Amino acid sequence: MNKLKKVTILVPAYREAKNLPLLVEALDGMVRGMNDSGRLYEWEFLIVNDGSPDDTAEVLARLRAEDPRVNYVNLSRNFGKECAMLAGLDYAKGDAVVIMDADLQHPVETVPQMIEAWEEGYDDVYGRRRDRGKESWLRKKFSLAYYSLLQKTTRINVLQNVGDFRLLDRRCVTALQELRESQRYTKGLFCWIGYRKKAVEFETHDRAEGASSFNFLRLLGLAMDGITGFTISPLRIASVLGLLVSLIAFIYLIFVITKTLFFGEEIQGYPTLLCVMLILGGCQLLAIGIIGEYIGRIFNETKNRPVYLVDTYNGDKI
Ligand code: UDP
Ligand code: MG
């Protein structure tokens with residue numbers, strides 16, 4: 001008999017003690033459904049505990065004792081979802097890896113569809129949200145504006161309404177493992193690696209238990225990482241703006257000189273001067289800020305620290 005292909009379900013988890021048993025149960029149901037229809041695979045449920053302060057670690061140990069398909073990695077502290085995903089990719093053993101959230105927002109029923117597309121020869125089968133679920137109007141608007149900005153300024157095509165829920169072939173996983181930047185924007189990295197992609201639509205569910213760990217500030221940070229990690233166009237914009245302002249200033253200078261030569265000079269308004277100074281000061285600070293963002297990134301990357309540290313794998317100290 002041919003050896004079965006292995007599929008890893010990779011789940012980053014932070015404070016998900018209540019959700020994980022529900023998730024493993026749902027996955028088990030999905031696998032049983034697939035077995036019944038004769039689509040046999042070897043399964044691994046790899047859960048990366050991203051330094052949760054609650055009893056996620058104990059829950060994981062229990063889940064593994066009950067079900068040998070469960071493997072788990074405990075990180076040494078909270079490194080953030082982006083880093084936890086890389087840890088998962090490093091530990092995943094599957095020929096394909098399906099990344100999904102622990103809070104059951106990503107429907108397990110979509111996984112068989114993804115696997116089908118993978119069998120057709122696609123390397124990166126990504127889930128596209130049909131709607132964005134219960135999200136505030138403001139968050140939706142921001143997200144829309146952000147993606148259009150990112151699409152216009154980068155050469156890679158970062159897709160709207162596409163998150164981390166996707167199936168990756170082994171060669172995509174290998175490619176992603178090579179991208180070890182520490183300020184990660186995985187959504188962009190998925191697009192950067194290329195390969196044959198296909199979309200599968202899904203309906204976002206509401207979070208099963210607990211609350212989202214991504215507040216506005218954290219999303220803003222991620223958004224900045226997305227921009228500084230994939231494009232230097234803000235720097236270009238700053239240069240163009242500088243050039244434009246200098247040009248206008250030069251034209252104005254010629255105008256003032258000509259006017260003085262022909263009509264004499266009367267003292268000009270002090271408020272106008274102040275306004276111009278403030279506006280220019282603002283532009284300068286903005287430009288320095290933009291440069292600062294990139295320097296900060298260089299600083300963080302040159303330290304060359306590991307992206308994450310592992311405490312235990314399946315209970316064994318690493
Ligand atoms: N997550 C993580 N580390 C963190 C924050 C979140 O691994 O520091 C995981 C979390 O357990 C979940 C996924 O990332 O599986 C998505 O998080 P969440 O549901 O809080 O975000 P949202 O759905 O609002 O984007
Ligand atoms: Mg969620």
Side-chain angles (χ1 to χ4, degrees), residues 8-27 45-60 63 70-92 97-108 110-111 126-140 142-143 146-147 158-166 182-190 202-223 225-226 307-311:
T8 298
I9 306 277
L10 160 56
V11 183
Y14 178 63
R15 289 191 293 144
E16 305 280 11
K18 288 215 186 88
N19 289 327
L20 287 171
L22 301 175
L23 179 75
V24 171
E25 198 186 303
L27 287 171
F45 306 150
L46 176 64
I47 299 160
V48 181
N49 173 18
D50 188 13
S52 306
D54 64 355
D55 49 359
T56 298
E58 287 78 45
V59 171
L60 284 175
L63 286 173
V70 174
N71 284 328
Y72 66 97
V73 181
N74 281 319
L75 299 186
S76 65
R77 65 169 171 84
N78 179 246
F79 284 89
K81 182 185 178 188
E82 307 291 315
C83 302
M85 279 195 285
L86 180 67
L89 293 176
D90 288 342
Y91 277 81
V97 176
V98 180
I99 305 178
M100 58 196 298
D101 282 1
D103 53 9
L104 293 143
Q105 280 190 299
H106 297 157
V108 292
T110 311
V111 175
Y126 57 88
R128 183 161 55 204
R129 275 166 287 193
R130 230 177 259 136
D131 62 303
R132 293 185 63 95
K134 258 195 221 149
E135 265 181 6
S136 71
W137 178 84
L138 199 66
R139 187 167 163 178
K140 280 181 196 164
F142 262 112
S143 143
Y146 176 68
Y147 282 107
V158 182
L159 297 165
Q160 164 103 36
N161 279 347
V162 174
D164 301 322
F165 182 33
R166 60 177 70 217
S182 53
Q183 269 177 294
R184 303 178 72 75
Y185 182 68
T186 316
K187 236 181 267 192
L189 297 179
F190 290 137
F202 74 96
E203 209 83 52
T204 322
H205 295 315
D206 289 335
R207 197 170 222 291
E209 297 278 344
S212 166
S213 343
F214 286 85
N215 56 23
F216 183 71
L217 272 184
R218 203 163 163 186
L219 283 174
L220 198 68
L222 190 66
D225 282 343
V307 178
Y308 61 86
L309 290 174
V310 174
D311 181 24

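Here the structure is a predicted model, which is why all the values come from computation and not from measurement. Start at 1 with the first residue, then count along the sequence. Computed over heavy atoms, backbone and side chain alike; hydrogens, waters and symmetry mates excluded. Numbering of ligands and ligand atoms starts at 1, following listing order.
Counting protein heavy atoms only, atom 14 (O) of ligand 1 is closest to Lys81 CD, 3.1 Å. Looking from atom 21 (O) of ligand 1 to the surrounding protein, the closest heavy atom is Phe214 CD1, 3.2 Å. Residue, atom and distance of the protein heavy atom nearest to atom 23 (O) of ligand 1 are Gln105 OE1, 2.7 Å. Here the heavy atom of the protein found nearest to atom 12 (C) of ligand 1 is Glu16 OE2, 3.4 Å. Nearest non-hydrogen protein atom to atom 24 (O) of ligand 1 is Ser212 OG, 2.5 Å. Closest to atom 1 (N) of ligand 1, if we only count protein heavy atoms, is Tyr14 CB, 3.7 Å. For atom 3 (N) of ligand 1, the closest non-hydrogen atom of the protein is Asp50 OD2, 2.6 Å. The nearest heavy-atom contact from the protein to atom 20 (O) of ligand 1 is Ser213 N, 2.6 Å.
Under a 4.0 Å N-O distance rule, the pair Arg15/Asp50 does not qualify as a salt bridge. With respect to the salt-bridge test (charged N to carboxylate O, under 4.0 angstrom), the residues Asp311 and Arg77 do not qualify.
Under a 4.0 angstrom heavy-atom cut-off, Glu82 registers as lying outside contact with ligand 1.
Separating the CG atom in Asp103 from the NZ atom in Lys18 is a distance of 13.5 Å, to the nearest 0.5 Å.
The atoms of ligand 1 that sit less than 4.0 Å from any heavy atom of Ala13 are 7 (O), 11 (O). Every atom of ligand 1 with a heavy atom of Asp103 under 4.0 Å away is listed here by number and element: 19 (O), 23 (O). Ligand-side atoms of ligand 1 in range of Pro12: 7 (O), 9 (C), 10 (C), 11 (O), 12 (C), 15 (O), range being under 4.0 angstrom from any heavy atom. Of all atoms in ligand 1, listed by their number and element, those nearer than 4.0 Å to a heavy atom of Asp101 are 13 (C), 15 (O), 16 (C), 23 (O).
Using a 4.0 Å cut-off between heavy atoms, Asn78 contacts ligand 1 through its side chain alone, with no backbone atom that close. Of the heavy atoms in Arg15, none comes closer than 4.0 Å to ligand 1.
Of the N or O atoms in Ala211, none lie within a sub-3.5 Å distance of an N or O in ligand 1. Between Ala84 and ligand 1, no pair of N/O atoms sits closer than 3.5 Å.
The aromatic rings of His106 and Phe165 lie parallel to each other, their planes meeting at an angle below 30°, with 60° marking the opposite boundary.
Counting only heavy atoms from C-beta outward, the side chains of Val307 and Phe79 never approach each other to under 4.5 Å. Using a 4.5 Å heavy-atom cutoff, the side chains of Val111 and Ile9 are in contact. Proximity of Arg128 to Leu159: side-chain heavy atoms (C-beta onward) are nowhere separated by under 4.5 Å.
A donor-acceptor contact shorter than 3.5 Å is absent between the side chain of Asn49 and the backbone of Val73.
Within the 2.8 Å limit, Ser212 places no N, O or S atom next to the Mg ion (ligand 2). One of the N, O or S atoms belonging to Asp103 lies under 2.8 Å away from the Mg ion (ligand 2).
Figure legend: cation-pi geometry between Arg166 and Phe190, with NZ or CZ positioned under 6.0 Å from the six-membered ring centre and within 45° of its axis.
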